[in-house]
Amino acid sequence: MMKVLVIGYGSMGRRRIRLLGELLDHAEIHCVDSNSERRQQAVQSGITVYDSLDMALEQRFDLAFVCTSPGHHAEIILKLIEKGISVFTELNLTNDKYEDMIGEAKAKDVNIFMSSTLLYNKQIEKIGDIVKKATKPLNYVYHVGQYLPDWHPWESYKDFFIGKKETNGVRELYAVQLPWIVDAFGKIESVTAYSQRCTDLEIDFPDCVTAFFRHENGHMGTFVVDVISRKATTYLEIIGEELHIFWGGHNNDLFFFDTDSATMQQFQGYEGVEHLDGYADNIIENPYKDEIKDFLSMVADKKKPKYSLEKDGYVLSIIDKIEGAGT
């Protein structure tokens, strides 16, 4: 029987546990959380829970999922590598000890799977396939935003990592989105960015940032990220002589302009989608499940994942440039 350790019983930890229950037959899932209230919730769900990682690691585990707040994953991952446990990690938002983790994982022959959920989104896969076939430069305009207090309405944003400067919500949105943008449009040659404050939110970082990218292959894009949009928004338009793409972030609103018929053609990625209450309506569970499947294939069959710590290090370096350029 496979034994899985989930570190962190917050929203992402609970999501991973639920999806693992759907994907693995007879898996034994344990959990670590330092918060007594969440530990009690885990116990009530029938999960074996520990209040410290060291206590949990007195046992043997096959896999581990690091679902704690971003910015503090490195020490946890290094402990798991030392025990020879393959690791699935959520967003890190800082590249702390990336070289150490990469080196130790190779030395121990341990897998590290870096989450990048949107790379598993069927609409984004379709967009990427089309963009990569373009033979002429493209321009895109992209806007992603959601009002910070609405991210987790059940808790204060001031108690959540998105409200802290090091792991703020704008940085988090860029970290979620940039992996697929770089994958589709290519590496970024230059960055210009501007930022401002538009709200009275109790934060010490800009709540709206506009970045301008020139990609190495000639594509250009404007990417606006904010934590002020009162309606959660994802809107993408890609413009070129060969194509015109519109996407509103949902399963049924990806449209392509067909140049032969001069009509709009719709692409629907999933026959059915799963959505959890409490999250924005464009956040669906299907890609989260698909990336767990990819992690399990990586461990069982040595399949190469779509994303890695090396790629994430590059993305985080672009985000650092955005924050450094913002005025």
Side-chain angles (χ1 to χ4, degrees), residues 91 113-145 170-193 209-225 233-259 264-270 273 282-284 286-288 290-291 293-294 303-322:
L91 282 175
F113 186 99
M114 182 71 229
S115 172
S116 187
T117 310
L118 287 182
L119 285 171
Y120 295 85
N121 179 287
K122 297 300 183 186
Q123 287 79 16
I124 284 175
E125 287 181 348
K126 180 68 172 179
I127 293 168
D129 288 343
I130 293 173
V131 167
K132 290 173 186 176
K133 294 175 183 176
T135 60
K136 298 178 182 178
L138 302 172
N139 283 273
Y140 61 88
V141 178
Y142 197 25
H143 171 216
V144 177
V170 171
R171 186 176 179 88
E172 201 261 2
L173 286 175
Y174 273 118
V176 168
Q177 299 286 340
L178 276 175
W180 85 258
I181 290 175
V182 170
D183 180 72
F185 293 95
K187 285 193 171 183
I188 295 170
E189 181 178 80
S190 63
V191 176
T192 303
V209 176
T210 300
F212 303 92
F213 301 139
R214 180 183 291 277
H215 295 265
E216 291 179 354
N217 52 20
H219 301 319
M220 293 193 302
T222 301
F223 189 6
V224 180
V225 168
T233 299
T234 298
Y235 179 76
L236 172 68
E237 184 173 357
I238 304 174
I239 307 140
E241 185 180 25
E242 302 169 315
L243 57 86
H244 202 167
I245 300 174
F246 303 83
W247 186 46
H250 299 85
N251 185 49
N252 60 354
D253 59 9
L254 176 57
F255 293 92
F256 306 88
F257 184 80
D258 184 85
T259 54
M264 299 297 295
Q265 304 292 321
Q266 183 183 27
F267 173 80
Q268 185 162 313
Y270 303 90
V273 297
N282 60 349
I283 297 178
I284 59 175
N286 309 64
Y288 291 99
D290 287 342
E291 67 176 345
K293 291 179 182 177
D294 211 21
K303 178 183 175 182
K304 188 176 180 180
K306 294 184 178 183
Y307 204 52
S308 65
L309 286 175
E310 290 89 345
K311 290 181 178 180
D312 195 55
Y314 171 77
V315 164
L316 291 173
S317 74
I318 297 298
I319 299 173
D320 288 342
K321 290 179 181 179
I322 294 169

Minimum heavy-atom distance between Ala184 and Gly128, given as atom pair plus value: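 Minimum heavy-atom contact is CB-CA, 4.0 Å.
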Short question: side chain of [X], backbone of [Y] - any donor-acceptor pair under 3.5 Å?
X	Y	result
Glu242	Ala134	no
His215	Gly186	yes
Tyr174	Phe223	yes
Ser308	Lys311	yes
Asn217	Phe185	yes

Are [X] and [Y] packed together at the side-chain level, in the sense that at least one heavy-atom pair is separated by less than 4.5 angstrom?
X	Y	answer
Lys321	Thr192	no
Glu125	Leu119	no
Met264	Asp258	no
Ile124	Asp129	no
Leu91	Val176	yes
Arg171	Asp320	yes
Thr233	Val144	no

Tyr288 OH to Leu118 CG distance, which is reported to the nearest 0.5 Å: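 Result: 7.5 Å between the selected atoms.
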Is a donor from one side chain sitting under 3.5 angstrom from an acceptor on the other, for Glu291 and Ser115?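 Present: a donor and an acceptor within the cut-off.
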Are a donor atom and an acceptor atom from the side chains of Asn252 and Gln266 found within less than 3.5 Å of each other?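 No, Gln266 and Asn252 have no side-chain donor paired with an acceptor closer than 3.5 Å.
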Can Lys136 and Glu241 be counted as an ion pair, charged N to O under 4.0 angstrom?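 Counted as a salt bridge, because a side-chain N and a carboxylate O are separated by less than 4.0 Å.
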Report the C-alpha separation of His244 and Glu237 in whole Å, then their side-chain angles, then the decisive distance to 0.1 Å, and conclude whether the side-chain hydrogen bond (donor to acceptor under 3.5 Å, both in side chains) test is met. CA-CA 7 Å; His244 202 167; Glu237 184 173 357; 2.6 Å; yes
Just do the salt bridge (charged side-chain N to carboxylate O under 4.0 Å, His left out) check on Asp294 and Lys306 with the steps written out, would you? CA-CA 8 Å; Asp294 211 21; Lys306 294 184 178 183; over 6 Å; no
Which residue is it: Phe246, Trp180, Phe213? I am looking for the one with a ring-ring contact (aromatic ring centres under 6.0 Å, His included) to Tyr142.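 Checked Phe246, Trp180, Phe213 against Tyr142; only one passes ring-ring contact (aromatic ring centres under 6.0 Å, His included): Trp180.
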